[in-house]
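The next block holds one structure in the form of structure tokens; read it before the comments.
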Amino acid sequence: MSVVRGLLRCVGLGLCVAALEMVWHAVMLPAELPWASMVALSASVAGVDAGLFVAIGLVLSPLLLRRTEDLAIPGAQHLGATAFLGVATFVVPPVQQLLAAGNTVGAVIVGAVPFEAVLLVYFGGRWLLRRALAGESAPPFAAVALGLHLVTSALCPIIVGIRQPIGDPVDARHMVLITVDGLGAGDEGPAWLAFADEGIRFTQAVAASPISRPSNASALVGLHPIRTKVIDDHDVLARGYTSAFEVLQDIGFATGAFVSSATVASGSGLEQGFGTVDDTFVPPWQRVVLVSRFVEPSGHRSASQTVDAFEAWFDGRYHRPFAVWLHFADPALAPGDPAATKAVDDAVARVRELLAAHDLLDRTSVVLAGTSGPGGRSALVGIGDDRVHVPLVLRVPERPAIPVVDAQVRLVDVASTVLDAVGLPGLDQSEGVALGAYGTGLRRQPMNATLLGRDEKGQYLLGVRNNGLKFALWHDGRKALFSLERDPLEQHDIAAEQEKTVQTATMLLSRERAALDALEAGSD
């Protein structure tokens, strides 16, 4: 029994796993991934997965050289061991995530998959090898597996179609959420302010984190990053969290996400709830499960290109209620560049013109939010106000009684605001409130904001922003307090002058500190 034949069977195992991975991609990836990208993804998955199993097979090839009375046994053992190690490579990360989330039962069930695979492959392989040794005809395993992979890949568009929602909500208004990485308070352009002039402008909106994925995730699901367990750009939002757009999709809205950075693209977890996720700038090979585990997806596109994608989608769907998320990243890629800020404002203007051209402005609610500021001004690195103080506008068809709100609000309020704007109750899990009540005067009180960022050494630090004060708690226990009104650049620590305030803030952050320590311990 040659090593070459053994490795060919390993190729077959890899292609079987590739077929299963393509089913996963069909369920999880964008509904309208271009045909060429799907073909490229299929080829990438096949190559990477088959290569992994061949590499493992080479390491275990001495098993094929064993001599026993039943010559099928060495080959079956080789295949079984290869299957175990190969499948375990895919299973270990989700098991770790389940354990970190406290789901021990789920971790045990998923962790049992490699053991199931080794039994299935060993006994099945031994039976097939005995048939081959006896001279009975059988199709080449690798060829059959390749056919399975090709058929599965061809069925992906059908699988995608099955998971699309059916039915239309009755007499519902449309929703557009626009988030911008790197756009701080005061950086808004004319098109942004045009929406603000017709709606509610929140002058003291605060992002829980200046990091892109955590900040956008908080806006979509209404939870602080520590609660979502998305505290950095490499953390994936778990399916157990419900986004506002999942609710809208479930009742029949046409939902779409058009993003400008791979940080929030498919695979980040932020795609849940969207029938379409347009992130075609991400190279297909970076979507392969094995690759994406070790290589952060990269790529970005301009705000103009993102709106181009939205317009193409919009042309076929504006006749029914829709809810879309537009994400721009130009200011984050070029901090402080006026051209980047103008590019975003031009994109916002195009969205407005598109809605107006179809007479939809009076039936569309629009939320515009910066997810982080450009930085570079505050002396408090990580959670300085130049990073967490962001613009926020809510524009609904009804003119608000109070157009400018100075009470502090947060990005975690966006999810409930999105649902409230189309007449739905907020998410049960959400920590946020519906901000529309500020425009009617029914809500006036400021919302306490807990902050999470990284200091100049890359260590996490926590903070609280409220009542014109900013409290910071470093990883090593250092504390600082700043008056934002008298010291907007946060250069003068007044902690010694207000010891009681520092004690209260430290107590408020005790639960967050414990949760953050647990998250960091789980990621190590």
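Listed here is the closest heavy atom pair of T255 and F274: OG1-CA, 3.4 Å. Here the closest non-hydrogen pair linking S416 and G426 is OG-CA, 4.1 Å. Among all heavy-atom pairs drawn from M22 and V45, the shortest one is SD-CG2, 4.0 Å. Minimum heavy-atom separation, S430 to G222: OG-O, 3.2 Å. A pairwise comparison of heavy atoms in V344 and P331 identifies CG2-CD, 3.5 Å as the closest pair. Across all non-hydrogen atoms, the minimal contact from T450 to E512 is CG2-CG, 3.9 Å.
Looking at heavy atoms from C-beta onward, I178 lies out of side-chain contact with V367 at the 4.5 angstrom threshold. L461 places none of its side-chain heavy atoms less than 4.5 Å from the side chain of L473. Taking 4.5 Å as the limit, every side-chain heavy atom of V412 sits out of range of all side-chain heavy atoms of L223. Between L451 and L462, the closest side-chain pair of non-hydrogen atoms is not below 4.5 Å. Counting only heavy atoms from C-beta outward, the side chains of L79 and L13 approach each other to under 4.5 Å. Within the 4.5 Å cutoff, the side chain of L270 has heavy atoms near those of the N216 side chain. Under the 4.5 Å side-chain criterion, counting only non-hydrogen atoms from C-beta, I211 is not in contact with S372. Residues H78 and C10 have side chains in contact (heavy-atom distance under 4.5 Å, counting atoms from C-beta outward).
Here E246 contributes atom CD and I251 contributes atom CD1; the two are 13.0 Å apart, rounded to the nearest 0.5 Å. Put simply, CZ on F258 and OG1 on T280 are 10.5 Å apart, with the number rounded to the nearest 0.5 Å. Interatomic distance, CG of L326 versus CZ of F310, reported as 5.5 Å (0.5 Å rounding). Distance check: D279 CG to S266 OG gives 4.0 Å after rounding to the nearest 0.5 Å. Put simply, CG on L427 and CG on L419 are 5.0 Å apart, with the number rounded to the nearest 0.5 Å. Taken to the nearest 0.5 Å, the CG atom of L380 stands 8.5 Å off from the CG atom of D386.
Judged by distance alone, the side chains of S260 and T306 do bring a donor and an acceptor atom under 3.5 Å apart. Donor-acceptor pairing under 3.5 Å is recorded for the side chains of T371 and D181. Side-chain contact of T263 with S261: a donor-acceptor pair under 3.5 Å is present, judged by distance alone. No side-chain donor-acceptor contact under 3.5 Å links S212 and D233. Judged by distance alone, the side chains of T82 and R9 never bring a donor and an acceptor atom under 3.5 Å apart. Using modelled atom types, one finds a donor on one side chain and an acceptor on the other under 3.5 Å when comparing S42 with H149.
Note on R239 versus E271: no salt bridge recorded, every NZ/NE/NH1/NH2 to OD/OE distance being 4.0 Å or above. Salt bridge annotation for E311-R350: present, with a cationic side-chain nitrogen under 4.0 angstrom from a carboxylate oxygen.
Judged by distance alone, with hydrogens and angles left aside, the side-chain atoms of D187 form no donor-acceptor pair with the main-chain N or O of L183 at under 3.5 Å. Formation of a donor-acceptor pair under 3.5 Å by the R227 side chain with backbone atoms of Q429 is not found in this model. At least one donor-acceptor pair closer than 3.5 Å links the side chain of E431 to the backbone N or O of H224. Remark: side-chain polar atoms of R387 are not paired, donor with acceptor, to backbone N or O of V381 under 3.5 angstrom. With hydrogens and angles disregarded, no donor-acceptor distance shorter than 3.5 Å links the side chain of D232 to the backbone of H234. Looking only at distances, no side-chain donor or acceptor of D517 sits under 3.5 Å from a matching main-chain atom of A514. Proximity of a side-chain donor or acceptor of D413 to a complementary backbone N or O of R410 within less than 3.5 Å is detected.
For the side chain to side chain contact (heavy atoms under 4.5 Å, CB included) test with V87, the passing option among V113, V92, V118 is V113; the others fail.
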*Kindly determine whether F245 and W325 satisfy ring pair (Phe, Tyr, Trp, His ring centres under 6.0 Å), including the steps that lead there.*
CA-CA 9 Å; F245 287 87; W325 170 37; 7.4 Å; no

*asked:* Run the side chain to side chain contact (heavy atoms under 4.5 Å, CB included) test on H300 and L333 for me, step by step, so that the C-alpha distance in whole Å, both residues' side-chain angles and the decisive distance to 0.1 Å come before the verdict.
replied: CA-CA 9 Å; H300 55 82; L333 298 171; 3.5 Å; yes

*Does the pair Y241 and K229 meet the rule for a side chain to side chain contact (heavy atoms under 4.5 Å, CB included), with working shown?*
CA-CA 10 Å; Y241 298 100; K229 300 180 177 64; 3.4 Å; yes

*Please lay out, stage by stage, how V236 and V230 fare under the test side chain to side chain contact (heavy atoms under 4.5 Å, CB included).*
CA-CA 6 Å; V236 177; V230 180; over 6 Å; no

*Walk me through it: do K342 and D345 pass the test salt bridge (charged side-chain N to carboxylate O under 4.0 Å, His left out)?*
CA-CA 5 Å; K342 184 179 185 302; D345 201 61; over 6 Å; no

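Relative to the ring axis of Y460, R454 places its NZ or CZ within 45° and under 6.0 Å from the centre.
In this pair, F322 and H174 present their aromatic rings parallel. The plane angle is below 30°, not in the 30 to 60° band.
No more than 12 heavy-atom neighbours from other residues, nucleotides or ligands sit within 6.0 angstrom of CG on D428.
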